[in-house]
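Encoded as structure tokens, the structure appears first; notes follow it.
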Amino acid sequence: MSKVITIERFILDHQPDYARGEFTNLLYDIALAAKIIHQNTSRAGLVDILGRAGGINVQGEEQQKLDVYADDVIFRMCDHTGRLCVMASEEQEEIIHIPEQFRKGSYALVYDPLDGSSNIDVNVSIGTIFGIYRCKDWELRGRLEDVLQPARDLVAAGYVLYGSSTMLVYSTGQGVHGFTLDPGLGEFLLSHENIRVPEPPKYYSVNHSYYSRWSPGVQRYVDWLEGRGEAGNNQPAPSMSARYIGSLVADFHRNLMRGGVFCYPAERSKPQGKIRLLYEAGPLAYLIEQAGGYASDGRQSILDIVPTELHQRTPLFIGNRSLVQEAEAFLRQEEQEMAQA
Ligand code: AHG
Ligand code: MN
Ligand code: MN
């Protein structure tokens, strides 16, 4: 039997120098929240028997929608520990303050409690995304500024994929590491150490039904990914297959393991696209760079965008560096053409 390394052991052995105690324990808290969410999402198919979300279950308790439930689990895991000064969640309009009765800590947590929630009812993989910043001000209780930081300043980011196995993948800036939940043991065990996005890439992922809503530059880029149309940067695209799940975490994870690019471009009537910068694009951009890839909004690195709003959206191209840079090249070319017209 090869060596079994639990996530607790790994975090302890690999914690950055500054990360004594508080930060390490924060990662444990998230891993524990992930196990609790896993337990509930894996029973989602029983809602018709045990009671529908939003309804009353057999115990007479009110059932929450799973994304609200996941939001609550993460909040409750983290509100009283003295490690956070503030949180921000997709499910909450405003920043989430640490209740007054609890000590405040030095980190800020941003999260998408349940990503791909439209897939829950059809038993397709879903996920949780998180990012951790240092609080801007050590004295004050959490403020909006603490979470409106560019993803380059993240001190850690990760996701949990509730798929055929439940996996937690994270980075603290020293590579990307993946852990698979052994449901019998209730432990995340190291299964993928130091993940690098492989070459050549295998997959491109984009919701093709939106083709007519994209600008000509995006359309030409997607044509290029599909091996049609003009050569970008005078290079033919590597031969790739299409895969699109509609859960960002699941699409991202597959492409991280096999190589590829995920695109959620701007649309004519949605110039900011759909993906949220703070708790979707930002943390995943941090991870992909740690794995040797790149993430862009089509113009600049996602890591450099300074958020101005909590629920700000951004176009997203994320995956193997060369594929994402090609998207930037197509969009630059489009801009030049428009300037000349
Ligand atoms: P969420 O469930 O957190 O709101 O996120 C859904 C997002 C993301 O997971 C996915 O990549 C995207 O929506 C899919 O959107 P389309 O259905 O428009 O392709
Ligand atoms: Mn999401
Ligand atoms: Mn969500």
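Every number for a ligand or one of its atoms is a count from 1 in the order of the listing.
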**Fill in**
So CD of Gln290 and CG of Leu154: to nearest 0.5 Å the spacing works out to 10.5 Å
**Prompt:** Atom CZ of Arg141 and atom NZ of Lys104: how far apart are they, to the nearest 0.5 Å?
**Reply:** 8.0 Å
**Item:** Glu187 and Thr6 side chains, donor-acceptor separation under 3.5 Å
**Value:** no
**Request:** Starting at OG of Ser205, measure out to CD1 of Ile318 and round the result to the nearest 0.5 Å.
**Result:** 11.0 Å
**Item:** Shortest non-hydrogen separation from Val147 to Ala108 and the atoms involved
**Value:** CG1-CB, 4.1 Å
**Prompt:** With under 30° as parallel and over 60° as perpendicular, where do the rings of Tyr264 and Phe262 fit, or are they tilted in between?
**Reply:** tilted
**Request:** Of all the heavy-atom pairs spanning Pro271 and Pro315, show the shortest one and how long it is.
**Result:** O-CG, 3.9 Å
**Pair Tyr107 and Phe23, ring centroids less than 6.0 Å apart** = yes
**Request:** Write the atom name of the N, O or S atom in Glu280 that is nearest the Mn ion (ligand 2).
**Result:** OE2
Mind listing the N or O contacts between ligand 1 and protein, cut-off under 3.5 Å?
{"residue": "ligand 1", "atom": "2 (O)", "partner": "Gly116", "partner atom": "N", "Å": "2.8"}
{"residue": "ligand 1", "atom": "2 (O)", "partner": "Ser117", "partner atom": "N", "Å": "2.9"}
{"residue": "ligand 1", "atom": "2 (O)", "partner": "Ser117", "partner atom": "OG", "Å": "3.1"}
{"residue": "ligand 1", "atom": "3 (O)", "partner": "Glu90", "partner atom": "OE1", "Å": "2.9"}
{"residue": "ligand 1", "atom": "3 (O)", "partner": "Asp112", "partner atom": "OD2", "Å": "3.1"}
{"residue": "ligand 1", "atom": "3 (O)", "partner": "Leu114", "partner atom": "O", "Å": "3.4"}
{"residue": "ligand 1", "atom": "4 (O)", "partner": "Glu90", "partner atom": "OE2", "Å": "3.3"}
{"residue": "ligand 1", "atom": "4 (O)", "partner": "Arg276", "partner atom": "NH2", "Å": "3.2"}
{"residue": "ligand 1", "atom": "5 (O)", "partner": "Asp115", "partner atom": "OD1", "Å": "3.3"}
{"residue": "ligand 1", "atom": "9 (O)", "partner": "Asp115", "partner atom": "OD1", "Å": "2.7"}
{"residue": "ligand 1", "atom": "9 (O)", "partner": "Asp115", "partner atom": "OD2", "Å": "3.3"}
{"residue": "ligand 1", "atom": "9 (O)", "partner": "Leu248", "partner atom": "N", "Å": "2.9"}
{"residue": "ligand 1", "atom": "11 (O)", "partner": "Leu248", "partner atom": "N", "Å": "3.4"}
{"residue": "ligand 1", "atom": "13 (O)", "partner": "Lys274", "partner atom": "NZ", "Å": "2.9"}
{"residue": "ligand 1", "atom": "15 (O)", "partner": "Lys274", "partner atom": "NZ", "Å": "3.0"}
{"residue": "ligand 1", "atom": "18 (O)", "partner": "Tyr210", "partner atom": "OH", "Å": "2.6"}
{"residue": "ligand 1", "atom": "18 (O)", "partner": "Tyr264", "partner atom": "OH", "Å": "2.6"}
{"residue": "ligand 1", "atom": "19 (O)", "partner": "Asn207", "partner atom": "ND2", "Å": "2.8"}
{"residue": "ligand 1", "atom": "19 (O)", "partner": "Tyr244", "partner atom": "OH", "Å": "2.5"}

**Request:** State the CD1-CG distance between Ile288 and Asn320, to the nearest 0.5 angstrom.
**Result:** 7.0 Å
**Asked** Which residues and atoms, counting only protein N, O or S, are under 2.8 Å from the Mn ion (ligand 3)?
**Response** Glu90 OE1, Asp112 OD1, Leu114 O
**Message:** If we check side chain to side chain donor-acceptor pair (under 3.5 Å) with Thr128, which of these qualifies: Tyr279, Tyr159, Tyr111, Tyr162?
**Reply:** Tyr162
